[in-house]
Amino acid sequence: MDYDVEKYRSDYPILCRTVYGKPLVYLDNTASTQTPRMVVDTVTDMYYKHKANVHRGVHALSQEATAMMEATRRRVRDFIGAESEREIIFTRGTTEAINLVAASYGELLSEGDEVILTVMEHHANIVPWQLLRDRKGIVIKVVPMLPDGSLDMDAFRGLLSPRTRVVSVAHVSNVLGTVNPVAEIISLAHEAGAVVLVDGAQAIAHKEVDVRRLDADFYCFSSHKMYGPTGVGVLYGRESLLEKMPPYQGGGEMIAHVAFEHTTYAELPFKFEAGTPDYVGIAALHTAVDYLTGIGVEPISAHEHDLLRYTTERMMEIPRMRIFGTSPDKCAIISFLIGDAHHYDTGMLLDKLGFAVRTGHHCAQPLMQALGVEGVVRASMALYNTRSECEAFVKALHRVASMLG
């Protein structure tokens with residue numbers, strides 16, 4: 001495979017640092033990827049050369065910043081295959097995007113209407129719907145999973161009913177790595193008359209996403225999980241649905257005219273973008289998308305899957321190793337426990353050896369309950385991780401396992 005990982009690693013100065021005197025091996029990419037030099041350079045350039053509030057002024061700086069922000073909107077439209085930039089809403093991240101849909105589209109729901117979630121959802125795709133349930137009396141149904149961590153699609157079909165209004169599902173589980181069959185889910189939901197929101201936070205940097213091919217109604221993701229800056233996210237929404245939805249927040253930019261007697265709202269997408277946006281981060285997101293597409297999502301995915309296969313096979317040589325999520329279709333996420341050792345103990349020992357992994361419930365406590373554990377250790381790979389890092393990680397796990405008895 002012609003994939004120059006060392007060339008890409010040179011884009012990330014942080015990968016050259018040490019932790020506790022050991023070379024840093026960063027395996028917490030599911031939580032947040034590192035940021036390449038050119039994305040940081042865009043942030044610096046925006047602050048030093050183009051900083052002025054967007055959509056507000058006629059002066060040159062404001063016009064430049066506005067043009068860069070709107071160029072990102074068009075770039076994201078093309079990146080995910082949306083039909084119009086009117087369907088691209090900038091948010092602070094996936095969490096805000098889901099809250100927007102639950103609060104705004106949720107206003108169109110009535111008591112007794114049903115929303116279907118899955119047992120593997122992130123808290124960000126559970127709590128907003130619970131808030132809507134408490135406010136409007138909707139009913140939440142949950143799709144269980146099979147022993148290998150894949151969704152029980154027969155159970156999903158059984159949960160669909162004439163009262164199903166929304167299905168909200170993760171494209172990729174942030175704990176199990178399972179790639180859910182979202183195209184099939186969307187098709188079945190549409191047959192039942194429901195709309196579908198896809199949480200694409202863990203998919204966008206690892207899989208080709210085309211929202212029109214998927215026929216998704218809503219799709220959302222975060223910049224910081226795709227080599228971009230923090231504090232920026234994207235909500236794609238089908239234009240016909242966004243037109244029907246009331247605004248999520250009120251304030252500047254989302255209005256056409258304000259009087260104390262009556263206010264009219266701006267056209268899409270600005271109806272959902274109240275206040276000053278993070279136009280600096282949005283401009284840097286453009287650079288991140290260019291960076292991803294320049295390497296190619298498919299080559300990145302192939303590289304990560306090679307690391308996933310190798311690391312999983314080597315980890316299974318460790319006595320009492322338990323890996324959670326063995327679906328044949330998964331991204332490069334490995335959640336595990338070593339026997340009955342506490343996940344924090346494992347994570348802390350790995351940290352002292354220079355390995356950055358995530359421990360805990362990963363904002364997926366219902367999934368932990370279904371797995372019968374309090375928490376797990378999670379290692380996740382990205383485009384800059386190497387076979388030698390994974391080999392060193394497995395050796396460290398052997399050492400940790402012996403230390404933990």
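Only this structure's heavy atoms are used, side chains among them; waters, hydrogens and symmetry mates stay out.
- In this view, K7 satisfies the salt bridge (charged side-chain N to carboxylate O under 4.0 Å, His left out) rule with no residue, not counting sequence neighbours.
- Side-chain N/O atoms of N180 and D329 include no donor and acceptor closer than 3.5 Å.
- A side-chain donor-acceptor contact under 3.5 Å links S222 and T94.
- For the 3.5 Å distance criterion, the side chains of Y219 and H171 qualify, holding a donor opposite an acceptor.
- Checking E304 against H206 by side-chain atom types alone, a donor-acceptor pair falls below 3.5 Å.
- Side chain to side chain, E70 and H55 meet the donor-acceptor criterion of an N or O pair below 3.5 Å.
- Across V182 and A170, no two heavy atoms sit closer than the pair CG1-O, 4.3 Å.
- Within the 3.5 Å criterion, the main-chain N or O of T95 finds a donor-acceptor partner in the side chain of N99.
- Side-chain contact annotation: E114 with S161, donor-acceptor N/O pair under 3.5 Å present.
- Applying the side-chain contact (heavy atoms from CB on, under 4.5 Å) test between I88 and each of I80, L268, L235 identifies I80 as the sole match.
- Using a distance-only test at 3.5 Å, with no hydrogens or angles considered, a donor-acceptor pair links the side chain of D210 to the main chain of R212.
- The main-chain N or O of V289 is found under 3.5 Å from a side-chain atom of T293 such that the two form a donor-acceptor pair.
- The shortest heavy-atom contact between T359 and G347 is CG2-CA, 3.6 Å.
- Inspection of the S388 and E391 side chains reveals no N or O donor paired with an N or O acceptor under 3.5 Å.
- D199 and H122 share no donor-acceptor pair across their side chains, judged by distance under 3.5 Å alone.
- Remark: aromatic rings of Y3 and Y8 are close, center separation under 6.0 Å.
- Between D215 and R238 there is a salt bridge, since at least one side-chain N of the basic residue sits less than 4.0 Å from a carboxylate O of the acidic one.
- Residues I282 and P277 meet the side-chain proximity criterion, which asks for heavy atoms closer than 4.5 Å.
- The pair R75-D290 meets the salt-bridge criterion, with a side-chain N (NZ, NE, NH1 or NH2) lying under 4.0 Å from an Asp/Glu carboxylate O.
- Side-chain N/O atoms of T30 and S380 include a donor and acceptor closer than 3.5 Å.
- The pair E111-R133 fails the salt-bridge criterion, with no side-chain N (NZ, NE, NH1 or NH2) lying under 4.0 Å from an Asp/Glu carboxylate O.
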E184 and R157: CA distance, side-chain angles, deciding distance, side chain to side chain contact (heavy atoms under 4.5 Å, CB included) verdict: CA-CA 11 Å; E184 182 182 3; R157 292 181 183 90; 2.5 Å; yes

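- Minimum heavy-atom separation, P229 to G281: CG-O, 3.3 Å.
- For the pair E85 and R73, the salt-bridge criterion is not met [side-chain N within less than 4.0 Å of a carboxylate O].
- Side-chain contact check for S168 and N125: at least one donor-acceptor pair (N or O, by modelled atom type) lies under 3.5 Å.
- Using modelled atom types, one side-chain atom of H123 and one backbone atom of A364 make a donor-acceptor pair closer than 3.5 Å.
- In this structure, a donor-acceptor pair under 3.5 Å is present between the side chains of T287 and T42.
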Test side chain to side chain contact (heavy atoms under 4.5 Å, CB included) applied to V234 and L285, step by step: CA-CA 10 Å; V234 171; L285 173 59; 4.0 Å; yes

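- Under a cut-off of 6.0 angstrom, the local environment of CD in E317 is crowded, with over 12 non-hydrogen atoms contributed by other residues, nucleotides or ligands.
- Contact check on E389 versus R9 returns a salt bridge, with a Lys/Arg side-chain nitrogen under 4.0 Å from an Asp/Glu carboxylate oxygen.
- What you find for A382 and H303 is that their closest heavy atoms are O-CD2, 4.0 Å.
- Counting all heavy atoms, side chain and backbone alike, N174 lies closest to R378 at O-NH1, 3.0 Å.
- Of the possible donor and acceptor atoms, one in the side chain of H342 sits under 3.5 Å from a partner among the backbone N and O of Y344.
- In R399, the CZ atom is not crowded: 12 or fewer heavy atoms of neighbouring residues, nucleotides or ligands sit closer than 6.0 Å.
- Considering only heavy atoms from C-beta on, V25 stays 4.5 Å or farther from V19 through its side chain.
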Solution key, residues 240-260 side-chain donor-acceptor pairs under 3.5 Å, sequence neighbours excluded:
{"unit_1": "E243", "atom_1": "OE2", "unit_2": "R86", "atom_2": "NH2", "d": "2.7"}
{"unit_1": "E253", "atom_1": "OE1", "unit_2": "R56", "atom_2": "NH1", "d": "2.6"}

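- Residues D11 and Y227 bring no donor and acceptor atom of their side chains to less than 3.5 Å of each other.
- Counting only N and O atoms by type, the side chains of H190 and D217 include a donor and acceptor under 3.5 Å apart.
- In the displayed structure, K22 atom NZ is contacted under 6.0 Å by more than 12 heavy atoms of other residues, nucleotides or ligands.
- Looking at I295 and L383, their side chains come closer than 4.5 Å, going by heavy atoms from C-beta outward.
- Formation of a donor-acceptor pair under 3.5 Å by the H59 side chain with backbone atoms of S62 is found in this model.
- The distance between the ring centers of H343 and F336 does not fall below 6.0 angstrom.
- Shown here for L367 and S173, the closest heavy-atom pair between the two residues is CD2-OG, 4.3 Å.
- Between K136 and D113 no salt bridge is recorded (no basic side-chain N to carboxylate O distance below 4.0 Å).
- The side-chain contact (heavy atoms from CB on, under 4.5 Å) test with V166 is passed by exactly one of V101, I116, L109: L109.
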